[in-house]
Colleague: 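Mind looking over this structure? Questions follow.
Below, chains carry the letters A, B, ... as their sequence lines are ordered, and counting in each starts from 1.
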Amino acid sequence: MRIATYNINGIKARLPRLIEWLSETQPDVACLQEIKTSDETFPVKDIEDAGYGVIWHGQKGFNGVAILARGETPVEVRRGLDGEPEDEHSRYIEADVKGVRVASIYLPNGNPQPGPKFDYKLRWMKRLRDRAQQIWAEEVPAILAGDYNVIPRDKDVYSVKAMADDALMQPESRAAYRRILGDGWTDAILSKHPAGGVWTFWDYQMNAWPRDAGFRIDHLLLSPAAADRLIDAQVDKDFRGREKASDHAPTWVELAG
DNA sequence: ATGCCATATCACATATGA
């Protein structure tokens with residue numbers, strides 16, 4: 001069973017690419033981020049016509065997450081995180097699908113730092129960890145997948161110097177990510193590619209894609225019951241090079257069974 | 001400090017992104 005995460009940077013602009021990716025790679029479950037559309041305007045019919053059931057948590061103009069499942073509709077468990085009722089960003093949706101608990105996560109970018117956006121990022125990461133601990137206590141196979149906007153290690157970025165002041169690799173961002181891993185979650189790409197040099201994002205600017213100047217910010221975190229079934233973890237890098245591509249590439253895990 | 005590119009919206013200018 002393959003479970004993927006894909007920040008598509010606008011589902012309307014990316015719809016042909018999304019349908020093509022679903023058709024070519026046939027993921028069993030796909031977590032999307034940055035759908036950038038309201039609940040009312042989500043292209044549910046196009047996705048159903050491609051053979052997928054879907055739940056989504058939209059927002060006009062930016063943010064927005066969804067979970068797709070081949071041949072069935074995910075059973076929603078919750079949308080949004082506790083701890084900050086005034087937070088109206090659509091960044092989290094969670095469902096039970098094909099025997100696995102799956103979350104689609106769009107973690108705040110946090111730039112510029114320092115500042116209120118960075119503070120929001122760190123608060124959001126604490127709220128995510130709180131939810132992850134609740135899921136952990138349920139002892140279900142679980143995958144927390146999405147755009148974490150965190151470069152975990154220096155080996156996960158093309159240039160430490162170029163990104164040194166970016167919110168994505170500040171010590172506080174890394175520490176918050178490490179605390180979640182410290183609770184026992186397995187970073188699937190890290191576990192299969194410990195040497196690093198695996199990118200999931202390439203900026204549209206500064207010729208980043210042709211230079212292969214990327215970094216790793218899209219992550220799949222596995223609970224022990226899911227990690228026990230981990231066969232492979234990869235990036236569909238090819239899709240970053242196509243016409244009208246997202247700046248992220250699809251990233252996925254293959255689980256036994 | 002800003003633009004570089006891209007997507008979006010009360011669209012020909014501005015917010016957001018990473």
Colleague: What is the separation between atom NZ on Lys117(A) and atom P on dA15(B), rounded to the nearest whole Å?
Modeller: 10 Å

Colleague: Does Arg91(A) have a side-chain nitrogen or oxygen under 4.0 Å from the phosphate oxygens OP1 or OP2 of dG17(B)?
Modeller: yes

Colleague: Select base, sugar-phosphate, or nothing to describe what Asp147(A) touches, counting heavy atoms under 4.0 Å on all strands.
Modeller: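 Answer is sugar-phosphate: Asp147(A) comes under 4.0 Å of backbone atoms only.
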
Colleague: Is the closest basic N to carboxylate O distance between Asp154(A) and Arg174(A) below 4.0 Å?
Modeller: yes

Colleague: Figure out the CD1/P separation between Ile8(A) and dA6(B), and round it to whole Å.
Modeller: 17 Å

Colleague: In whole Å, I'd like the distance from the NZ atom of Lys36(A) to the C1' atom of dC5(B).
Modeller: 11 Å

Colleague: Could you tell me whether the phosphate oxygens of dT9(B), OP1 or OP2, come under 4.0 Å of any side-chain nitrogen or oxygen in Lys12(A)?
Modeller: yes

Colleague: Indicate, with a heavy-atom threshold strictly under 4.0 Å, whether Asn111(A) touches base, sugar-phosphate, or nothing.
Modeller: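 If one applies the 4.0 Å heavy-atom cut-off, Asn111(A) turns out to touch a base.
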
Colleague: What's the gap between dA15(B) and dC10(B) when it is taken at their P atoms, as a whole Å value?
Modeller: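 Rounded to whole Å, the distance is 13 Å.
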
Colleague: Within 45° of the axis and under 6.0 Å from the centre of the six-membered ring of Phe239(A), does NZ or CZ of Arg242(A) qualify?
Modeller: yes

Colleague: Could you check if the base of dC12(B) is syn or anti? Syn means the glycosidic torsion is within 90 degrees of 0.
Modeller: syn

Colleague: Could you state the atom-to-atom distance from CH2 of Trp199(A) to P of dA18(B) in whole Å?
Modeller: 18 Å

Colleague: Taking dA11(B) as the reference, what is the distance to dT16(B) when you measure between their C1' atoms (whole Å, please)?
Modeller: 16 Å

Colleague: Considering heavy-atom distances to DNA chain B, does Ile11(A) or Asn109(A) have its closest nucleotide positioned more toward the 5' end?
Modeller: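 Nearest-nucleotide comparison on DNA chain B picks Ile11(A).
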
Colleague: Side chain of Ala13(A) only, heavy atoms from C-beta on: which candidate in dC4(B), dA18(B), dT7(B) is closest?
Modeller: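 From the listed options, dT7(B) comes nearest.
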
Colleague: Under a plain distance cut-off of 3.5 Å, with no hydrogens placed, do Thr251(A) and Gln234(A) share a side-chain donor-acceptor pair?
Modeller: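 Thr251(A) and Gln234(A) do not have a side-chain donor-acceptor pair below 3.5 Å.
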
Colleague: Just how far, in rounded Å, is C1' of dT7(B) from CG of Asp247(A)?
Modeller: 10 Å

Colleague: Grab the CD-C1' distance between Gln59(A) and dG17(B) for me, whole Å please.
Modeller: 13 Å

Colleague: Taking the same atom, P, in dC12(B) and in dA1(B), what whole-Å distance lies between them?
Modeller: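 Roughly 29 Å separates the two P atoms.
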
Colleague: Decide whether Tyr204(A) and Asn9(A) meet the rule of one side-chain donor and one side-chain acceptor closer than 3.5 Å.
Modeller: yes

Colleague: Does OP1 or OP2 of dC10(B) have a side-chain N or O of Lys60(A) closer than 4.0 Å?
Modeller: yes

Colleague: Taking the nucleotide of DNA chain B with the nearest heavy atom to each, does Lys244(A) or His248(A) sit closer to the 5' end?
Modeller: Lys244(A)

Colleague: Does Tyr106(A) put a side-chain nitrogen or oxygen below 4.0 Å from OP1 or OP2 of dA18(B)?
Modeller: yes

Colleague: Rounded to whole Å, please give me the gap between CE in Met206(A) and C1' in dA6(B).
Modeller: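 Rounded to whole Å, this separation is 13 Å.
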
Colleague: In plain terms, say whether Arg78(A) and Asp82(A) are close enough for a salt bridge, that is, a side-chain N and a carboxylate O under 4.0 Å apart.
Modeller: yes

Colleague: Looking at every strand, decide which applies to Asn7(A) at a 4.0 Å heavy-atom threshold: base, sugar-phosphate, or nothing.
Modeller: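 If one applies the 4.0 Å heavy-atom cut-off, Asn7(A) turns out to touch the sugar-phosphate alone, with no base involved.
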
Colleague: Whole angstrom is fine here: how far is it from CZ in Phe62(A) over to P in dT7(B)?
Modeller: 18 Å

Colleague: With a 3.5 Å cut-off and no angle check, do the side chains of Trp136(A) and Asp183(A) form a donor-acceptor pair?
Modeller: no

Colleague: Of all the choices, dA8(B), dA18(B), dC5(B), which nucleotide is nearest to the side chain of Tyr204(A) once you look at every atom?
Modeller: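 From the listed options, dC5(B) comes nearest.
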
